[in-house]
Amino acid sequence: MRKCCCINAVAFFSLVFMRRIRHMREITADLNDMQREACCHIDGPLLILAGAGSGKTKTITHRAAYMIEQGVNPYNILAITFTNKAATEMRDRVDLIVGENADRIWVSTFHSMCVRILRRFAERLGYKDHFAIYDTDDSKSVIKDVLKYLQIDHKKYPEKMFMGMISAAKEQYKSPDEYERENATDFVKRKAADVYREYQHRLKKNNAMDFDDLLYKTVELFEHNPDVLQLYQDRFRYIMVDEYQDTNHVQFLLIKMLARQYRNLCVVGDDDQSIYKFRGANIYNILNFEEEYPDARVIKLEQNYRSTGNILNAANAVIKNNQGRKEKALWTEKQGGDKIRFRQYDNEYFEAEGVASEIARLSVKDASYRDMAILYRTNAQSRIFEEKLLMRNIPYKIVGGLNFYARKEIKDVLAYLRLINNESDSQSLKRIINVPKRGIGQSTVDKIEAYAVDQDISMGDAIYRVEDIPDIGRAASKISLFADLLDELKSMVYHGGKLSNLYDSILERTSYMDELIAENTDESKDRLENLDELKNKIIRYEDDNEDATLSGLMEEISLVSDLDSLSDDDDRVRLMTLHSAKGLEFPYVFIGGMEERMFPSSMALNSDDEDAVEEERRLCYVGITRAMNRLYLSASKRRTIHGATNMNDVSRFIREIPGNLFENMEEVKKQSKPVLAQMGEPYKNARKYGSNNPYVKSTASPAKSGMGITPSSKPAFGKQFTVNRAESVDYGVGDRVRHMKFGEGTVTGLVAGGKDYEVTVDFDRVGTKRMFASFAKLKKI
DNA sequence: AGTCAGCGAGTTTTT
DNA sequence: CTCGCTGACT
């Protein structure tokens with residue numbers, strides 16, 4: 001019996017041992033030499049310079065798995081990523097390799113890591129653990145109040161300027177006092193220091209932190225509480241930081257503090273993909289890593305597994321034009337491949353149309369919609385692409401863009417939830433005290449606020465003392481009703497009610513939903529849909545978290561972006577900014593707006609910062625390297641921005657790509673010549689004066705439904721690329737159709753014009769309209 | 001207190 | 001072009 005046990009024990013251990021050996025081999029088996037080296041370097045500082053598509057995620061996930069196999073307790077591993085999506089992906093992939101226990105690795109973004117730490121030790125900083133997280137909108141309205149309070153003219157000194165300065169100060173880990181001291185001679189910055197100080201004061205009053213505070217306060221916490229720092233240093237013996245080129249100074253400090261004891265710090269990044277300088281990312285964190293950690297091992301991953309040779313060569317050719325980068329040479333085994341397609345269109349409608357028609361073509365024979373992405377420099381560009389995709393019934397998804405949580409109805413309801421969660425949150429209170437209308441006007445709100453400031457209490461407390469507030473008049477009873485409503489909702493939380501029920505109660509008790517239903521417009525229907533969507537998110541949160549709490553929900557909502565919910569399984573074309581595309585890959589990539597002043601942006605071109613254009617170029621590099629099989633680049637000769645039409649040269653980045661990499665080399669050469677060379681003498685002078693010049697301004701009135709620029713643009717503007725052939729339409733007289741703006745209606749006329757169909761529709765809401773089929777967004781229903 | 005018209009201003013990227 | 005704000009009016 002006993003012997004039997006022994007044998008079993010031996011067998012068991014050898015089994016485990018063999019499994020481990022096998023695993024070790026397995027873990028590193030499909031890595032290349034460099035990747036394997038990075039994977040197996042566990043102790044001491046390590047810098048992995050990972051070029052685009054070089055298997056970076058694979059390497060670090062395998063590294064985590066390898067560490068666990070080597071006996072490192074997963075509990076002692078911290079992996080910091082830039083986005084929640086990257087965090088989830090990393091966790092899933094480690095799970096896949098090591099199975100159980102991987103969930104004990106702490107994988108998170110900088111911000112969510114900080115929130116977790118701060119919640120636990122909030123009181124050491126004078127905060128309550130239910131503190132709210134303010135987004136940019138919230139901050140802005142606080143700043144607005146501060147400016148009013150300090151009697152600073154917000155027209156002369158806009159909120160945005162102060163926000164930028166305060167943010168920059170926080171990223172540098174500068175307190176208001178330090179900031180003031182360092183800028184004593186600068187009039188505006190001295191003012192900014194005052195705003196900064198008062199802003200922080202108010203945030204604290206509201207028991208709220210902004211995004212920058214999350215990082216700042218964590219560093220502050222560690223600095224003043226060695227015991228807390230010790231706790232986390234002990235826990236995080238192995239630290240990995242992804243996208244290290246995007247870290248700012250506070251993040252640098254944070255990591256440095258945490259890693260000080262064990263020095264097992266592995267950072268991964270690519271200086272060529274540093275595209276967040278505008279929000280404080282300091283590229284020198286990665287460039288000078290070896291100076292900070294002289295004993296650091298440096299490993300370069302230079303083999304690209306993603307893109308074909310042509311695409312990679314184009315990317316290399318572009319990025320080569322930047323100074324001051326770490327020399328590296330990405331290479332691939334996939335030589336050749338499809339050549340790059342570039343095309344310049346007459347205007348942005350034709351450009352979008354061209355892209356949409358190519359997508360339609362590809363979807364028929366080569367690819368699924370999910371394999372394709374349209375990338376652009378600014379969110380504003382998405383609209384036209386959206387229109388044209390809609391017209392062709394191509395399913396698409398806009399990633400990022402105007403944040404779901406930034407919508408009015410969502411912010412309103414969230415403000416209720418936030419206020420219930422954190423009664424000090426005056427900002428949320430002000431937002432909803434009269435939403436929906438309950439007869440509490442601005443002057444009343446001002447009186448409550450003045451009283452709260454005077455008594456040094458929050459507005460949330462003040463509304464319970466209406467009888468003490470001077471001059472409140474007959475609004476008092478209304479305020480009390482509001483306070484009662486809040487009490488009722490709060491009690492639901494105290495009694496452990498479900499969050500989704502709380503949500504329903506809010507909508508019900510405030511009649512918020514009823515009002516929208518009564519409104520019965522397309523817009524209100526949209527809003528109702530969004531509210532439903534929010535409810536789904538809440539239910540999903542409850543399903544995913546056994547210990548679902550209101551503050552947990554608020555946190556998730558503050559820190560999770562649209563980007564993170566991007567799933568691979570819905571078959572749609574992805575539309576997003578180049579920034580959002582970082583870290584993703586697609587077989588077919590379209591980059592639109594390849595024009596001077598679009599990309600590189602006019603901001604960058606006008607900037608005194610020499611590096612501004614280089615950052616744009618890095619962005620271009622990021623964009624190009626997203627493509628696996630084929631890359632489409634497009635530009636538009638004319639583009640209407642804010643009502644004015646501009647003529648733009650083809651982007652310098654196009655000219656930086658060697659001609660032989662293009663499918664249509666000759667055409668590209670012709671098109672990428674500056675516009676004035678194509679247009680001839682009379683227009684030369686016009687260009688110099690930029691967009692305010694009458695010659696450049698469009699004389700045609702640009703059109704409500706995109707009809708302003710007709711297909712027959714003048715030959716004087718060089719070679720034409722007519723893209724819109726006559727569309728065939730799938731509806732006829734008598735059919736019901738839906739228009740994006742005008743709603744539903746009945747087709748009453750359909751006339752074939754020279755190039756297009758002229759459709760007459762009798763809309764239910766707005767009456768009869770006549771439009772061209774290729775521009776109207778009509779869908780048969 | 002609430003609504004609505006008219007005006008001016010601002011437009012890069014986001015955790 | 002599209003918000004957002006102001007100020008006059010109901």
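As the structure is a computational prediction, the values presented were derived from the model and not from experiment. In what follows, chains are A, B, ... by sequence order, proteins preceding strands, each numbered from 1.
For Asn379(A), the listed nucleotide lying nearest its side chain is dT14(B); candidates were dT12(B), dA1(B), dT14(B). The nucleotide whose nearest atom lies closest to any side-chain atom of Thr577(A) is, among dT13(B), dA1(B), dT2(C), dT13(B). Which of dT14(B), dT2(C), dG2(B) sits closest to the side chain of Arg383(A) comes down to dT2(C). Of the candidate nucleotides dT3(B), dT11(B), dT14(B), dT3(B) has the atom nearest to the side chain of Lys437(A). Across dT12(B), dT15(B), dG2(B), the shortest atom-to-atom separation from the side chain of His111(A) is found for dT15(B).
Remark: Lys582(A) is positioned above the aromatic ring of Phe82(A), its terminal NZ or CZ atom under 6.0 angstrom from the ring centre and at most 45 degrees off the axis.
Each of Thr109(A), Ile133(A), Thr218(A) was scored for a side-chain contact (heavy atoms from CB on, under 4.5 Å) with Val115(A), with one residue passing: Ile133(A).
Aromatic rings of His579(A) and Phe278(A) (six-membered ring for Trp) have centroids within the 6.0 Å cut-off, being under it.
Ring planes of Phe599(A) and Phe653(A): perpendicular class, angle over 60° (limits at 30 and 60°).
Contact annotation: Lys160(A) reaches the phosphate of dT11(B) (side-chain N/O to OP1 or OP2, under 4.0 Å). Applying the 4.0 Å criterion to OP1 and OP2 of dT11(B), one finds that Thr378(A) has every side-chain N and O outside that range. An OP1 or OP2 oxygen of dT13(B) is reached within less than 4.0 angstrom by no side-chain nitrogen or oxygen of Ser601(A). OP1 or OP2 of dA1(B) has at least one side-chain nitrogen or oxygen of Thr444(A) nearer than 4.0 Å. Distances shown here put every side-chain N or O of Thr640(A) at or beyond 4.0 Å from the OP1 or OP2 atom of dC1(C). Here Lys144(A) reaches the OP1 or OP2 of dC5(C): one of its side-chain N or O atoms lies under 4.0 Å away.
Counting to the nearest Å, the C1' atom of dT15(B) and the NZ atom of Lys85(A) are 16 Å from each other. Taking atom NZ of Lys411(A) as the reference point, atom P of dG4(C) lies 11 Å away to the nearest angstrom. Atom CD1 in Ile440(A) sits about 9 Å away from atom P in dG2(B), given to the nearest Å. Rounded to whole Å, atom P of dT14(B) lies 19 Å from atom CZ of Phe110(A). Atom CD of Gln381(A) and atom P of dT11(B) are 17 Å apart (whole Å). In this structure, CD of Glu596(A) is placed 16 Å from C1' of dT12(B), rounded to the nearest angstrom. Protein atom CE of Met209(A) is 20 Å distant from nucleotide atom P of dT15(B), rounded to whole Å. At whole-Å resolution of the value, CE in Met603(A) and P in dT13(B) are 9 Å apart.
In terms of polar N and O atoms assigned as donor or acceptor, the side chain of Arg377(A) comes within less than 3.5 Å of the base of dT13(B) in a complementary pairing.
Straight-line distance between the P atoms of dG4(C) and dT13(B): roughly 15 Å, to the nearest whole Å.
In terms of position on DNA chain B, the residue among Pro158(A) and Leu619(A) whose nearest nucleotide sits closer to the 5' end is Pro158(A). Nearest-nucleotide positions on DNA chain B for Phe211(A) and Lys478(A) put Lys478(A) closer to the 5' end.
Asn434(A) comes within 4.0 angstrom of the backbone, heavy atoms only, and of no base. Ser443(A) comes within contact range of the sugar-phosphate backbone alone, with a heavy-atom separation under 4.0 Å but no base atom that close. Backbone-only engagement by Phe82(A) is indicated by non-hydrogen atom pairs under 4.0 Å involving sugar-phosphate atoms exclusively.
By the criterion of a centre-to-centre distance under 5.5 Å and near-parallel planes under 30°, the ring of Phe278(A) forms a stack with the base of dT13(B).
Salt bridge status for Arg325(A) with Asp271(A): absent, with no side-chain N to carboxylate O gap under 4.0 Å. In this structure, Arg279(A) does not pair ionically with Asp246(A), as no charged nitrogen and carboxylate oxygen lie closer than 4.0 Å.
Scanning for ring pair (Phe, Tyr, Trp, His ring centres under 6.0 Å) contacts around Tyr512(A) gives an empty result, with sequence neighbours left out.
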